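Starting from 1, each residue takes its place in the sequence as its number. All figures in this text were calculated on a predicted structure; none of them were measured in a lab.
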Amino acid sequence: MENSEISFVYMVKCEDGSLYTGITKDVKKRMGEHFFKTQKGAKYTKSRQVTEIMMVWEAASFSSAARLEYAIKRLARKDKLDLIKNPIEKLGILIPKLSEETYIPRTEYVMEISRLLEPLAD
């Protein structure tokens, strides 16, 4: 059975310049887990400080978001950067199997993570 809750796929940049792709139902909460290195944060980001949200896509379901996350993680770095620059146009080209599904770029999340979390730091 498919979970119909809206979910998000995100790409963040770490201090060392590496990119990390993940999935969440709550972007702000997940960024806090990565940024503050909580127990729930990803193993990858616990050893690297996340600095910037590069791109976020909204998906209609968790399973749909999981398919996009998996596809992005398999891309070469150059293709990931192309996808960040052109999040709508490149999606169907770089990941043709997903072109039938709808992923909405959510550019309002593209920012330094500390800026998104400012109210949490108070």
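The distance from atom NZ of Lys28 to atom CG of Leu116, rounded to the nearest 0.5 Å, is 5.5 Å. We find the NZ-CG distance between Lys90 and Leu81 to be 11.5 Å, quoted to the nearest 0.5 Å. Considering CD1 of Ile72 and CZ of Arg67, their distance stands at 13.5 Å, rounded to 0.5 Å. The CD1 atom of Ile6 lies 11.0 Å from the OG atom of Ser64; values are rounded to the nearest 0.5 Å. Put simply, OG1 on Thr21 and CH2 on Trp57 are 7.5 Å apart, with the number rounded to the nearest 0.5 Å. Here Asp79 contributes atom CG and Arg77 contributes atom CZ; the two are 12.0 Å apart, rounded to the nearest 0.5 Å.
Not counting sequence neighbours, Lys37 has no partner by the salt bridge (Lys or Arg N to Asp or Glu O under 4.0 Å) test.
A salt bridge does not link Arg30 to Asp26: none of the charged nitrogens lies less than 4.0 Å from a carboxylate oxygen. Salt bridge Lys40/Glu33: absent, no basic N to carboxylate O contact under 4.0 Å. The pair Arg115-Glu112 does not count as a salt bridge, with every side-chain nitrogen at least 4.0 angstrom from each carboxylate oxygen.
Taking 4.5 Å as the limit, some side-chain heavy atom of Met11 sits within range of a side-chain heavy atom of Lys80. The closest side-chain heavy-atom distance from Thr107 to Met55 is below 4.5 Å. The shortest side-chain heavy-atom distance between Leu83 and Leu75 falls under the 4.5 Å cut-off. Counting heavy atoms from C-beta on, the side chains of Val56 and Val9 never come closer than 4.5 Å.
Ile104 and Tyr10 end up in different hydrophobic clusters when Ile, Leu, Val, Met, Phe, Trp and Tyr side chains are linked at under 4.5 Å. Leu19 and Tyr70 fall into different hydrophobic clusters, defined by Ile, Leu, Val, Met, Phe, Trp and Tyr side-chain heavy atoms under 4.5 Å apart, directly or through other members. Linking Ile, Leu, Val, Met, Phe, Trp and Tyr whenever their side-chain heavy atoms come within less than 4.5 Å puts Met111 and Met31 in one cluster.
Ring orientation note: the planes of Tyr109 and Phe8 are nearly perpendicular, at an angle over 60° on the 30°/60° scale.
Heavy-atom contacts from other residues, nucleotides or ligands closer than 6.0 Å to NZ of Lys46 number more than 12.
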